[in-house]
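The structure appears right after this line, and notes come after that.
Note that ligands are numbered from 1 as they come in the structure, with each ligand's atoms numbered from 1 the same way.
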Amino acid sequence: MEMNEQVKAILAYGECCDHCLGRFFGKRSHGLSNDERGRGLKIALALAENQPYTKFAGSCWVCGNFFEGVPLWADRVIDATRDIEYSTFLIGCRVPPLVAENEEMVWSDLSLSEPEPFKSEVNREVGKAVSARTGKLVEFRKPEVVAILDPLSGSVEVQINSVFFYGRYRKFERGIPQTHWDCRACKGAGCEKCNFTGAQYLDSVEELIGRPVIAAFGAENAVLHGAGREDIDARMVGTGRPFIFEVVSPKRRSIDLPGLEAEINRTAEGRVSVAIQRWADRAEVETLKSNKAHKKYRILVEVDGELSADEFAKAVKTLQGVTIQQRTPERVAHRRADKVRERKVLDIECAGEQDGRFVVEVLGEAGLYIKELVSGDAGRTRPSLAEILKRSAHVTSLDVTQVEGAQEGE
Ligand SMILES: [Zn+2]
Ligand SMILES: [Zn+2]
């Protein structure tokens, strides 16, 4: 069908605004808005048929004159984002089913090959209007704020995308888990066992860092993504552990990171400290979490019976460079699949004695279970220090002293 014929057929359905008429040919030509396109098509038809041209002034059967409301929608978006700091945004739209039905019917009835959907025009036109009035930029890939229009209810829903920063934390106090744990008895609802806090442990590294973060960013929540995690009873010292903090739904974004670092270190003093290095983004989180970095530990080992430091040091050295077969430890079997894995002891040595215990420094491949490397976990880990010593041995304290960073040379 020739274009003028198509326009005539479209207008035969009922009165149609210039936006909707133009949008049926939205992918033809460039440098025109859909309403210019629609007006042009109507003028071309009037000239071809030598009929009087009449401006659209009625009620559009496709969109119900949605586009007259663009300035009003821009007002609503600006209003809904008034208290939010952002520089880039994107408009989204919940298309009323009737509008989608109307335009899809015309597309298929007339076999139109170059239409643009209602949704794209709404998002673009409202985006342009908001941008013109606020100076903020439309960004498709990683907008800071997304405003979703709902034409049926007249409301705007705002989603604020997370902010991320990268750093390292150290944990000086034992007994603090890395992230929040719901109370085992009540699963977070609050009960007598947890003193109605809903938490198994009152504080976590995540919360000690997160509280000042939430306050500074005016955020809804803050989530710690760590490059692995240490046991609750282990300290994390030395280089600290790399992490990315995700600040969920922040009202402010331009936060001074050195100032934030100082505030965290002040409020968590003696328990946790952070060194914040830079801003980060979501794409880095998976890389960080799958970090296969080697880890270095400093542990205290208690051995049954009398044993000289020399004998002990010799036994320790036989584990150097050895690949260890570890069946999933008893203590984590309830939350991990039971399987045997192989991890290498890259470096190990006895570094002296302290409080009647031996000090051992171990550099292990990522995932090596250190406590079981010493105790043997009732034969589930082999070889083990206990097996070599032919007597029971166990770790009484454990510090992680080094975790390699996410980037080379860091
Ligand atoms: Zn319309
Ligand atoms: Zn509870």
### Message
Suppose we call two aromatic rings close when their centres sit under 6.0 Å apart. Are F67 and F118 close by that rule?
### Response
yes
### Message
For the aromatic rings, using the six-membered ring if either is Trp, is the centroid distance between W279 and F164 under 6.0 Å?
### Response
no
### Query
Honestly, is K136 close enough over Y86, meaning NZ or CZ under 6.0 Å from the six-membered ring centre and within 45° of the axis?
yes
### Task
Please say whether the positively charged group of R252, taken as NZ for Lys or CZ for Arg, lies over the ring of F217, i.e. under 6.0 angstrom from the six-membered ring centre and within 45 degrees of the axis.
no
### Parallel, tilted or perpendicular, as decided by the 30° and 60° cut-offs, for the rings of Y13 and W61
parallel
### Query
Measuring from D203:CG to I209:CD1, what's the distance to the nearest 0.5 Å?
11.5 Å
### Query
At distances under 2.8 Å, what protein N, O or S atoms surround the Zn ion (ligand 1)?
C17 SG, C20 SG, C60 SG, C63 SG
### Task
Please lay out, stage by stage, how V248 and S162 fare under the test side-chain contact (heavy atoms from CB on, under 4.5 Å).
CA-CA 5 Å; V248 179; S162 299; 4.3 Å; yes
### Message
Tell me whether the count of non-hydrogen atoms from other residues, nucleotides or ligands lying under 6.0 Å of CD in E269 goes above 12.
### Response
no
### Task
Could you name all protein N, O or S atoms found under 2.8 Å from the Zn ion (ligand 2)?
C183 SG, C186 SG, C191 SG, C194 SG
### Task
Would you check, one step at a time, whether the test salt bridge (charged side-chain N to carboxylate O under 4.0 Å, His left out) holds for R382 with D377?
CA-CA 9 Å; R382 297 199 62 200; D377 197 23; over 6 Å; no
